[in-house]
Amino acid sequence: MTEQNNTTNTGPERLDFIRQIVAEDCKTGKWGGRVHTRFPPEPNGYLHIGHAKSICLNFGIAAEFGGKCNLRFDDTNPCKEEQEYVDSIIYDVHWLGWDWQDRLYFGSDYFEQMYQWAVELIKKGKAFVCDLTPEQIREYRGTLTEPGRESPWRNRSSEENLDLFARMRAGEFPDGSRTLRAKIDMSHPNINMRDPVMYRILHATHHRTGDTWCIYPMYDWAHGLEDSIEGITHSICTLEFENHRPLYDWFLDELGIHHPQQIEFARLNLTYTVMSKRKLLRLVREKFVRGWDDPRMPTISGLRRRGFSPESIRNFCKVIGVNKFNSTVDYALLEHCVRDDLNRTSPRVMAVLRPLKVVLTNYPEGQVEWTEAVNNPEDPAAGTRKVPFSKVLYIEQDDFMETPPKKFFRLAPGREVRLRYAYFIRCEQVIKDAEGNIVELHCTYDPATRGGNAPDGRKVKATLHWVAAEHALDAEVRLYEHLFTKEDPDQTEEGQDFSANINPDSLQVLTGCKVEPSLKTTRPLDRWQFERLGYFCTDSDSRDGRLVFNRTVTLKDTWAKIQKNQ
RNA sequence: UGGGGUAUAGUGUAACGGUAGCACGACUGACUCUGGAUCAGUUAGUCGGGGUUCGAAUCCCUGUACCCCAGCCA
């Protein structure tokens with residue numbers, strides 16, 4: 001913990017409401033000064049930016065308070081969970097920069113202990129085997145406004161319950177035929193307390209325990225026990241579990257075991273995207289995207305492939321804060337965070353996405369000059385590199401207009417601009433094809449402006465990026481827009497769902513792009529700034545001789561804004 | 001209409017009875033070999049109505065709105 005400097009007016013570090021609780025607990029010694037959190041994903045899908053919020057909260061709090069944070073898989077439902085998801089989650093949490101040392105746990109490792117505790121509750125007369133069908137259980141539960149009715153099986157002797165429960169475990173009964181239920185209160189206003197199911201019979205193969213179990217614990221029963229076993233102090237979860245806290249508390253108190261404090265916070269919502277695993281699964285299954293790691297997905301793997309850095313995601317999670325009320329964060333804030341980080345860390349490079357050929361009529365045929373370019377103006381240590389310059393070049397089509405409107409100060413007939421790190425050039429002639437399309441520009445360069453400055457002190461209003469034709473590498477560049485056309489994808493017409501709001505133009509593939517030769521050896525996940533265009537990331541489809549880049553995010557573009565407002 | 005939560009600029013958040021602050025966005029301007037970055041500035045807020053108090057975003061009362069809960073999902 002750093003010493004507070006009272007001479008500055010920055011004030012004390014502001015703590016969110018969860019950190020306030022943790023800080024208070026440390027002060028009062030509630031847990032003996034211990035802070036132990038956990039991130040408990042269910043391995044039934046890929047992690048997304050919303051999980052990152054939880055990950056940063058749990059691992060962040062542990063780190064800040066000198067505590068520990070476990071990675072624990074909440075794998076109590078064999079029907080939905082897969083090893084593939086376990087692997088991806090481990091990879092993603094690590095990639096985000098967090099470490100759990102040797103504390104990688106699985107709820108399924110505690111199945112035997114859970115079973116023993118269930119037996120204990122049965123013996124206490126606090127749990128019973130119920131023979132009601134799923135439909136009957138629903139009927140007996142009552143409704144939000146009416147109390148439920150007690151199961152006719154509620155008052156079996158503990159001997160009978162013990163025997164039946166053992167036989168459930170032994171696999172004597174078919175799926176769905178019986179459950180183990182807690183005996184609480186069928187008229188409780190909180191429906192979760194109306195004799196909730198603790199175990200269901202499921203003859204399913206579990207991704208870790210195989211076929212050793214045919215009864216599986218329900219979340220409400222299992223989760224608190226997992227936290228208790230691991231000695232968790234602060235069990236941080238999302239808002240929808242607030243209604244379950246009384247049950248969480250009830251189980252731990254009845255058992256008289258270590259009782260962590262559950263604290264709930266609001267999950268993250270982001271504009272122009274969906275966050276529920278169910279919807280993300282649909283996007284993948286119904287091929288709206290190319291997979292879990294499609295760069296348009298809000299998954300960690302998608303963001304990684306898109307070019308987001310772990311630092312930018314962690315910083316995003318810090319600036320959005322944490323609260324108890326639902327809110328939707330503007331996607332622009334995520335973009336701000338990634339630009340902020342990439343601006344400082346990304347090497348600059350020149351790439352032309354939509355090439356327009358430029359011939360310098362007064363430049364010597366066959367001559368090549370290697371001009372020195374700065375790799376990162378924000379980081380002098382990044383050094384410089386040499387970029388080839390010659391008679392035939394490519395510039396961006398957007399950087400030339402035959403009849404330029406007001407405020408357009410790039411290249412136009414008769415106008416002079418600077419080619420970055422090279423020369424001033426002047427447009428002398430526009431060459432068109434039979435249809436009148438501009439296919440080539442004839443320009444002259446001023447040899448006196450070598451390096452990019454005029455000895456006579458004359459100024460140009462624009463600096464253009466460029467690539468020498470003969471040295472250029474071909475590349476494919478994938479441009480992305482929001483996956484949905486609406487800020488809230490769930491806002492739909494009657495009878496439609498979020499898929500109706502999918503943006504048909506969310507992916508645009510550009511081929512025949514020209515990039516500078518230094519990019520020849522780039523490897524997947526390398527991050528770049530293409531000067532004046534944006535931040536780009538070498539895609540995993542990229543290989544020697546076939547370069548593929550993803551646009552992470554554009555640079556802030558004043559000219560685009562002017563155009564849009566016209 | 002049962003229970004549990006929550007309301008602060010366009011958006012995300014601070015304030016813990018004492019000047020409503022920060023960030024993003026938007027809009028100006030300066031600077032610039034990236035129309036980037038940077039810098040300076042502008043914009044705009046306490047859900048409504050009562051009360052308590054010298055003083056209320058904060059405490060009390062009362063409305064209103066939104067979210068969650070009736071899986072043998074988590």
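Below, read A as the first sequence line, B as the second, and so on, with proteins coming before strands; counting in each chain starts at 1. Nothing here was measured: the structure is a model prediction, and the numbers come from that model.
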Spacing between A:R14 atom CZ and B:A15 atom P, to the nearest angstrom | 7 Å
Parallel under 30°, tilted from 30 to 60°, perpendicular over 60°: which one fits the rings of A:Y216 and A:F111?
-> perpendicular
May I ask you to test the A:D399-A:R532 pair for a side-chain heavy-atom distance under 4.5 Å?
-> yes
Could you check which of B:A14, B:C72, B:C73 has an atom nearest any side-chain atom of A:D16?
-> B:A14
Expressed as a whole number of Å, how far does the C1' atom of B:G3 sit from that of B:G12?
-> 30 Å
Quick one: what's the B/S/- string for nucleotides 41-47 of chain B, heavy-atom cutoff under 4.0 Å, read 5' to 3'?
-> -------
Using Watson-Crick or G-U wobble geometry with both distances below 3.5 Å, tell me the partner of B:A26, or none.
-> B:U42
Which part of the nucleic acid, if any, lies within contact of A:Y199, taking any heavy atom under 4.0 Å across all strands shown: a base, the sugar-phosphate backbone alone, or nothing?
-> nothing
Is there a Watson-Crick or G-U wobble partner for B:G21 with both distances under 3.5 Å, and if so, which one is it?
-> B:U13
Pair A:Y105-A:E226, side chain to side chain donor-acceptor pair (under 3.5 Å): steps then yes or no | CA-CA 9 Å; A:Y105 300 127; A:E226 294 164 9; over 6 Å; no
Could you tell me which nucleotide pairs with B:C31 by Watson-Crick or G-U wobble geometry, both distances under 3.5 Å, or answer none if nothing does?
-> none
Remember a base hit wins even if backbone is also touched, and classify A:T558 as base, sugar-phosphate or nothing at under 4.0 Å, heavy atoms.
-> sugar-phosphate
Taking for A:E531 and for A:F17 the nucleotide of RNA chain B with the nearest heavy atom, the one nearer the 5' end belongs to A:F17
Is a side-chain N or O of A:R314 found less than 3.5 angstrom from the main chain of A:G60, in a donor-acceptor match?
-> no
Can you find a side chain N or O atom of A:T76 that sits less than 4.0 Å from OP1 or OP2 on B:A74?
-> yes
Tell me: NE2 of A:H336 to P of B:G10, nearest whole Å?
-> 20 Å
Given the P atoms of B:G21 and B:C16, what is the spacing between them in whole Å?
-> 13 Å
Answer yes or no: is there a side-chain heavy-atom contact under 4.5 Å between A:E81 and A:F73?
-> no
Most 5' of A:N343 and A:P40 on RNA chain B, judged by nearest nucleotide = A:N343
Watson-Crick or G-U counterpart of B:U6, or none if no pair lies under 3.5 Å | B:A65
Using 30° and 60° as the class limits, which term best fits the ring planes of A:W213 and A:Y115: parallel, tilted or perpendicular?
-> tilted
Between B:A26, B:A14, B:G35, spot the one nearest the side chain of A:K561, thanks.
-> B:A26
Is A:F409 touching bases, backbone alone, or none of the nucleic acid, heavy atoms closer than 4.0 Å?
-> base
A:I137 side chain, from C-beta outward: closest of B:C72, B:G12, B:U11 = B:C72
According to the Watson-Crick and G-U wobble definitions, with both distances under 3.5 Å, which nucleotide is paired to B:C72?
-> none
Sub-4.5 Å side-chain heavy-atom contact between A:H51 and A:K277 | yes
For nucleotides B:A14 and B:A7, find the distance between their C1' atoms and express it as a whole number of Å.
-> 16 Å
Reckon A:E242 touches a base, only the sugar-phosphate, or nothing at all at heavy-atom distances under 4.0 Å?
-> sugar-phosphate
Grab the CZ-P distance between A:F128 and B:C72 for me, whole Å please.
-> 12 Å
Please confirm whether the backbone N or O of A:F39 pairs with a side-chain atom of A:N58, one donor and one acceptor, at under 3.5 Å?
-> no
Find the distance A:F530:CZ to B:A37:C1' and express it as a whole number of Å.
-> 19 Å
Would you kindly check whether a donor in the side chain of A:R348 faces an acceptor in the base of B:U34, or vice versa, at under 3.5 angstrom?
-> yes
Ignoring backbone atoms, test whether A:N323 places a side-chain nitrogen or oxygen under 4.0 Å from the OP1 or OP2 oxygen of B:A14.
-> yes
Phosphate OP1/OP2 of B:A37 contacted by A:K556 side-chain N/O (<4.0 Å) | yes
Gap separating the CG atom of A:L57 from the OG1 atom of A:T238, nearest 0.5 angstrom | 11.0 Å
Watson-Crick or G-U wobble partner of B:U52, both distances under 3.5 Å | none
Could you run through nucleotides 65-70 of chain B and give me one letter per nucleotide, 5' to 3': B if any protein heavy atom sits under 4.0 Å from the base, S if only the sugar-phosphate is that close, - if neither?
-> --SBBB
Looking at every strand, decide which applies to A:P147 at a 4.0 Å heavy-atom threshold: base, sugar-phosphate, or nothing.
-> nothing
Spell out yes or no: do the side chain of A:E378 and the base of B:G36 have one donor N/O and one acceptor N/O closer than 3.5 Å?
-> yes
Starting from C1' on B:A37, measure out to CD on A:Q529 and report it in whole angstrom.
-> 9 Å
Checking all strands, does A:L132 fall into the base, sugar-phosphate, or nothing category for heavy-atom contacts under 4.0 angstrom?
-> base
Whole-Å distance, A:F325 CZ to B:U11 P, equals 12 Å
Pair A:Y46 and A:Y85, ring centroids less than 6.0 Å apart | yes
Ignoring hydrogens and angles, answer whether the base of B:C16 and the side-chain atoms of A:Q20 contain a donor-acceptor pair closer than 3.5 Å.
-> yes
Watson-Crick or G-U wobble mate for B:A37, both contacts under 3.5 Å | none
Answer yes or no: is there a donor N or O on one side and an acceptor on the other, between the side chain of A:D446 and the main chain of A:Y423, under 3.5 Å?
-> no
Less than 3.5 Å between a donor and an acceptor, one on the side chain of A:R532 and one on the base of B:G35, is that the case here?
-> no
So salt bridge (Lys or Arg N to Asp or Glu O under 4.0 Å) across residues 134-151 of chain A, not counting sequence neighbours, yields A:E150-A:R154
Take atom NZ of A:K407 and atom C1' of B:G29, then tell me their distance rounded to the nearest Å.
-> 13 Å
Check whether any side-chain N or O of A:T449 sits under 3.5 Å from a backbone N or O of A:F424 as a donor-acceptor pair, and report yes or no.
-> yes
Give A:L419 one of three labels, base, sugar-phosphate or nothing, depending on what nucleic acid heavy atoms sit under 4.0 Å from its own.
-> nothing
Within the structure shown, what part of the strands sits under 4.0 Å from A:G176 by heavy-atom distance: base, sugar-phosphate, or nothing?
-> base
Does A:N565 make a side-chain N or O approach to OP1 or OP2 of B:C27 shorter than 4.0 Å?
-> yes
For the pair made of CG in A:N269 and P in B:U13, what is the distance, rounded to whole Å?
-> 10 Å
For A:T271 and B:U11, is the shortest distance between a side-chain N/O and OP1 or OP2 below 4.0 Å?
-> no
Select base, sugar-phosphate, or nothing to describe what A:P43 touches, counting heavy atoms under 4.0 Å on all strands.
-> nothing
